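Below is one structure, written out as structure tokens; comments come after it.
Order of the sequence lines sets the chain letters (A, B, ...), proteins ahead of strands, with each chain counted from 1. Please read these numbers as outputs of a predicted model, since none were measured by experiment.
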Number of protein chains: 2
Amino acid sequence: MNLFDTVQPVVYKDGKVLFLDQTALPLSTKWVEIDSIEACWNAIRALVVRGAPAIGIAVAFGMSIAAMDYHGDDMSAFTSHMKKAHSYLATSRPTAVNLVWALNRVCSRIDATRDVAEAKNAILSEALTIQKEDEDICRNIGVHGITLLRDGMTILTHCNAGALATSRYGTALSAVYVAKERGMNIKVYADETRPLLQGSRLTAYELLASGIDVTLITDSMAAYVMGKGLIDACIVGCDRVAANGDTANKIGTYGVALIAKAHNIPFYVACPTSTIDINTPTGEDIVIEERDASEVLSFMGVASAPSGVKALNPAFDVTPNALISAIITEKGVIRPPYSL
Amino acid sequence: MNLFDTVQPVVYKDGKVLFLDQTALPLSTKWVEIDSIEACWNAIRALVVRGAPAIGIAVAFGMSIAAMDYHGDDMSAFTSHMKKAHSYLATSRPTAVNLVWALNRVCSRIDATRDVAEAKNAILSEALTIQKEDEDICRNIGVHGITLLRDGMTILTHCNAGALATSRYGTALSAVYVAKERGMNIKVYADETRPLLQGSRLTAYELLASGIDVTLITDSMAAYVMGKGLIDACIVGCDRVAANGDTANKIGTYGVALIAKAHNIPFYVACPTSTIDINTPTGEDIVIEERDASEVLSFMGVASAPSGVKALNPAFDVTPNALISAIITEKGVIRPPYSL
């Protein structure tokens, strides 16, 4: 099913940059060769690659492609060429913070090099480093996360905070992958995650491709499976953690946390420490993005509601710190009371 | 849009039994003529007609069709023929208690008749009576339900327990319709109700068609809207109430009840007293129908998950009595402790 050992959104192999086409998932596994910065820009804009860490990695390799496209030996012209590539790629997903962060990191390597050949190597090396660092961070989240689990346990997750959003391992799913490396068996129930179905399209796909025992449920079945005693713990990723531990994540997460609390099931948030925003005091300070109603009024492009009906479509909700049993980071497990 | 005056799931007109094809809603309004008990069984199983009271009405007319299909004049053979029809139709939806109740009511009319012709008339008459009684019962549920609401309130409902599930008015939505008759304004948030989307396809359809202010949300947004203070009460229908008040209803209801409890929002179950099964001591005794996984893996023929992935698909869940603020029936409002 997969060209490579593990599910990865961006692969550099034999001098080629390949993106897994996530718009074709879960029905087919297609790899897109990225051979120009235009191809890179288009792929990011079209959501071929998505997830903040994965986008950062994708543009870093895009910069390496841009560097290879310069065929002269004038450092000043090369630097100017790379600045143009930076400005261009920065517009592919204007709101993604990791994107500009990765572009800046790659460009900062040029200054210390003596010629174009060396600069090209430094840029590729930086892209590979960004990818490897992300992999290490994700794997360490799993290494810490697994201390909260025992062999044979079953977790429930919501949305996709897995390998497809990062370089490998993911955040919420990292403990599951680390468990597999160690010969342990952690089963997963995946919420399908309406309206955009990241759970069915992405989480179910990557776990199935990785040989993990995964069962898909609708979001409305979370209470049923917890009530039946099928779930030992919930683990979700997050978009932002406030300084008091309140956590913004995909719409539906708050409901999962309330239901877990009612059943005395631990509810864990997994994220890199870079997602913790100490400048956001509490969840009240997080602005929730309201997306287009059409996502709620249709299902995989098929209209599912009568035309003319109103719909609400908040992209995220905030889970209060009191419902979070622990926050799992690459540096360790943080337990309440949270003072981040 | 509608062949008849009001939204109705089962219509008997000019000697013909017609079911509104609810699987085609909300995109098209199609009527299916039911001309055999096999067609009736298939329609119920395929959810062309659904909702406990509507299923009762549907099988009552199914029995009338079975009666017309008997062409002899031997009362003993006729009775045996009808018993077979009873057993067959009883298997169409195992959880719906109204189904067997309606079948028994129709059959009980046979004993007092002197010949097959009279029995056939009695059976048709009983089906029509069941339908009319249901309309009266539903309206009375609304009359009692409205005592729990005030003008301007907003309710949240799950699945469809409206006009489309009964002969008219519905159960959960009856108070909303009675409020409208009285010039009051009750707004509704409707959970879309995966996997079969009865909320978007049916509830949004019938409320919009009736001029009620309705907002559609995904099931995963129930906690968000309750947390934001947008909801004053939850009202749901049910498939069966056990003697201790435990209630089986569409999958996802239990989660809504837990989330309502966490926000101190009243959670009401609306149902005719016929849905209360004193022979079922508790929710533990209710067998939950497990439906085909394909419903979770796709919608309207469009796959949303990778092929080969497992899925769970319980059609119902059980909400324990402790989470139910009151049960609204045609005879009045029942408050805890429940001893039904």
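For A:Ala204, the parts lying near chain B are the backbone and the side chain together; criterion is any non-hydrogen pair under 4.5 Å. The contact between A:Leu27 and chain B is made entirely by side chain atoms (from C-beta outward), counting heavy-atom distances below 4.5 Å.
Minimum heavy-atom separation, A:Asp246 to A:Pro320: OD1-CA, 3.5 Å.
Under 4.0 Å is where a charged nitrogen must lie from a carboxylate oxygen, and between B:Arg291 and B:Glu289 at least one such pair does.
Considering only heavy-atom pairs separated by less than 4.5 Å from chain B, the leading option among A:Gly199, A:Ser220, A:Ala223 is A:Ser220. When the candidates B:Val296, B:Asp317, B:Thr203 are compared by the number of heavy-atom contacts under 4.5 Å with chain A, B:Val296 comes out ahead. Your options are B:Asp219, B:Thr218, B:Leu207, B:Asp191, and the one with the most heavy-atom pairs under 4.5 Å with chain A is B:Thr218. For chain A, the option among B:Arg194, B:Met226, B:Lys228, B:His158 with the highest count of heavy-atom pairs below 4.5 Å is B:Arg194. For the options B:Pro195, B:Gly227, B:Ala293, B:Ala222, heavy-atom pairs under 4.5 Å to chain A are most numerous at B:Pro195.
Looking at B:Thr247, its side chain does come within 3.5 Å of a backbone N or O of B:Gly245 through a donor-acceptor pair. Remark: side-chain polar atoms of B:Asp232 are paired, donor with acceptor, to backbone N or O of B:Thr154 under 3.5 angstrom. Remark: the backbone N or O of A:Glu284 is paired with a side-chain donor or acceptor of A:Thr282 at under 3.5 angstrom.
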Enumerate donor-acceptor pairs with a distance under 3.5 Å from any side-chain N or O in residues 305-314 of chain A to protein atoms, sequence neighbours excluded.
| unit_1 | atom_1 | unit_2 | atom_2 | d |
| --- | --- | --- | --- | --- |
| A:Lys310 | NZ | B:Asp213 | OD1 | 2.6 |
| A:Lys310 | NZ | B:Asp213 | OD2 | 3.4 |
| A:Asn313 | ND2 | A:Asp292 | O | 2.8 |
| A:Asn313 | ND2 | A:Glu295 | OE1 | 2.9 |

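Listed by chain and number, the residues in a ring pair (Phe, Tyr, Trp, His ring centres under 6.0 Å) with B:Tyr189 amount to none (sequence neighbours excluded). The side chain to side chain contact (heavy atoms under 4.5 Å, CB included) test applied to A:Ala161 returns A:Thr171, A:Ala172, not counting sequence neighbours.
Under the 3.5 Å distance criterion, with hydrogens and angles disregarded, no donor-acceptor pair is assigned to the side chains of A:Ser200 and A:Tyr205.
Within residues 249-261 of chain A, the residues approaching chain B closer than 4.5 Å by heavy atoms are, in numerical order, A:Ile251, A:Gly252, A:Tyr254, A:Gly255, A:Leu258, A:Ile259.
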